[in-house]
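Provided herewith is a single structure, encoded as structure tokens, for subsequent inquiry.
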Number of protein chains: 2
Amino acid sequence: MAPKKYHHGDLKNALIKAGIKILSKEGIGGLTLRKVARLAGVSHSAPYAHFADKQALIATISTEGFKRLHAALDSAVEANADDPKRQLTEGARAYVQFAMNNADAFQIMFSGVLEKERDYPSFVEISHKTFERVVDIVRACQEAGVLRPAPPEIMAVAVWGQLHGVVSLVLEGQVSGKVLDHCDIQEIAHFALGQMMS
Amino acid sequence: MAPKKYHHGDLKNALIKAGIKILSKEGIGGLTLRKVARLAGVSHSAPYAHFADKQALIATISTEGFKRLHAALDSAVEANADDPKRQLTEGARAYVQFAMNNADAFQIMFSGVLEKERDYPSFVEISHKTFERVVDIVRACQEAGVLRPAPPEIMAVAVWGQLHGVVSLVLEGQVSGKVLDHCDIQEIAHFALGQMMS
DNA sequence: ACCTGAACACCGTTCAAGT
DNA sequence: ACCTGAACACCGTTCAAGT
């Protein structure tokens, strides 16, 4: 059997996985560099060999989240290659589902926890890529007459914003139970998106 | 001259003001109970005579923010008492302006920093009141044919979500500079809202 | 190159004690 | 009733030292 070298073969990835686990179990408030190290079985200062600071770990976890979100959008597009309207509605469904299934990751990605996102190129890259995916869908929908003519980037912000806003308000508990009793989040999001489609 | 009693006439309010000041200067990451106490000129344990814990202070500051937001919406409604469409567009403008002028307060109010909002009745009350104000505007717009027929509460979530989402994406830096160079946030929000109006 | 342990400056929170 | 100061358990981060 292979001798335990130092402690890990790949501590960096172990730390990321530990961070994601703690995040999903205890929320952002419980995410601590020292806890992450403990869960990975190393000393509290070991993470600093792989991440500059706590923000850097958060940036990596956020980037991971964006990759999964981007992949989900990709699937929705590919599964409906010749139907722009379904690309939009199914992409929207995927977005909402991602947010609901990964509420804490979603919060980390979008709630300003990560302060200097500019400093993390791979975060910027995947986040831009995700936006471009939305622009693609929007452009196809405009050509198909499903969305009104307008600069696609602006329309993409409106469409993404619509979904993002509804999801955020629900996640933050701003939508009263009276509304949520009658329809689930996917329905509300679908209704909201429907207001923009002709 | 009045003798300094203990230290303050109204420490509770002094703490709230100090908290708001620190929040706007250093952001949520710099908001610390001990700093708040220091700025108010009392010992680090003094706040506990007025707030159960840090969350309680945050809840109070959030409530304060909602009161100002609610007042801004009220003004927009009153200033356009007989023009539902303008109530909506001016209310939207007020919402966006509030978010931009109070980005950190906005973040505290909506970004899940406050974990058990249920525990703070006055927060729940003003947040519900604010939502009801949106419902009122939406209902008036539906009667005037400016928004499509639908249950007003659902439509209100869609409308609020639309604005909230666009504002949030911009505040989080998710909207690329390429877009922001061409139009300012008020324009984007107005465009997005316009997609829902007939 | 990768990790440990002690150290420092900071937190949130509690509690006995003071006026 | 309102505030202080010491105390405790926790952080993030740094740094000399070990393999």
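Below, chains carry the letters A, B, ... as their sequence lines are ordered, and counting in each starts from 1.
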- Query: Do the side-chain N or O atoms of B:Arg38 get closer than 4.0 angstrom to the phosphate oxygens (OP1, OP2) of C:dC10?
  - Reply: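 Result: no.
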What side-chain donor-acceptor pairs closer than 3.5 Å can you find for residues 38-52 of chain A, not counting sequence neighbours?
residue	atom	partner	partner atom	Å
A:Ser43	OG	A:Ser45	N	3.4
A:Ser43	OG	A:Ser45	OG	3.3
A:Ser43	OG	A:Ala46	N	3.4

- Message: Between C1' on C:dC3 and CG on A:Leu33, what's the gap in Å once rounded to a whole number?
- Response: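 Answer to the nearest Å: 15 Å.
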- Item | Spacing of A:Ile58 atom CD1 and A:Leu31 atom CG [to the nearest 0.5 Å] | 5.5 Å
- Note on the structure: Taken to the nearest 0.5 Å, the spacing of A:Leu88 CG from A:Asn80 CG works out to 10.5 Å
- Message: Using a 4.0 Å heavy-atom cut-off, does A:Lys12 contact any base of the nucleic acid, only the sugar-phosphate backbone, or nothing at all?
- Response: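 If one applies the 4.0 Å heavy-atom cut-off, A:Lys12 turns out to touch nothing in the nucleic acid.
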- Message: So for atom NE2, which belongs to A:His190, do other residues, nucleotides or ligands contribute more than 12 heavy atoms lying within a distance under 6.0 Å?
- Response: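 Atom NE2 in A:His190 is not packed in, count stays at 12 or less.
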Output one line per pair: protein atom, nucleotide atom from nucleotides 6-9 of chain C, and distance, for all N/O pairs under 3.5 Å.
residue	atom	partner	partner atom	Å
C:dA6	N6	A:His44	NE2	3.1

- Message: Applying salt bridge (Lys or Arg N to Asp or Glu O under 4.0 Å) as the test, list every pair that has at least one member in residues 91-113 of chain A; sequence neighbours left out.
- Response: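 Every salt bridge (Lys or Arg N to Asp or Glu O under 4.0 Å) pair that includes a residue of residues 91-113 of chain A, provided the two are not neighbours, is A:Glu90-A:Arg93.
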- Item | Distance, rounded to the nearest Å, where A:Tyr48 contributes OH and D:dA16 contributes C1' |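 The answer, rounded to whole Å, is 17 Å.
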- Mind calculating the distance between CD (B:Gln55) and C1' (C:dT13) to the nearest angstrom?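 Rounded to the whole Å, the gap is 14 Å.
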- Query: Which residues, if any, of residues 21-30 of chain A bring a heavy atom under 4.0 Å of DNA chain C?
  - Reply: none
- Query: Is it true that a side-chain atom of A:Gln87 and a backbone atom of A:Ala81 form a donor plus acceptor pair closer than 3.5 Å?
  - Reply: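 Yes, the answer is positive, given that a donor and an acceptor are paired below the 3.5 Å cut-off.
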- Task: Classify the ring geometry between B:His164 and B:Phe106 as parallel (under 30°), tilted (30 to 60°) or perpendicular (over 60°).
- Result: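 B:His164 vs B:Phe106 ring planes: tilted.
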- Query: For the ring pair A:Phe66 and A:His128, is the centre-to-centre distance below 6.0 Å?
  - Reply: no
- For DNA chain D, what is the dot-bracket line, given that a base pair needs Watson-Crick (N1 to N3, plus N6-O4 or O6-N4) or G-U wobble (N1-O2 and O6-N3) geometry with both distances under 3.5 Å, and | means paired with another strand? ||.|||||...|||||.||
- Can you list every salt bridge (Lys or Arg N to Asp or Glu O under 4.0 Å) pair that touches residues 181-198 of chain A, not counting sequence neighbours?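 As it turns out, there is no salt bridge (Lys or Arg N to Asp or Glu O under 4.0 Å) pair with a partner in residues 181-198 of chain A once direct neighbours are skipped.
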- Query: Checking all strands, does A:Ser43 fall into the base, sugar-phosphate, or nothing category for heavy-atom contacts under 4.0 angstrom?
  - Reply: base
- Message: Can you measure B:Asp53 atom CG to C:dG12 atom P for me and round it to whole angstrom units?
- Response: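 Rounding to the nearest Å, CG of B:Asp53 and P of C:dG12 are 11 Å apart.
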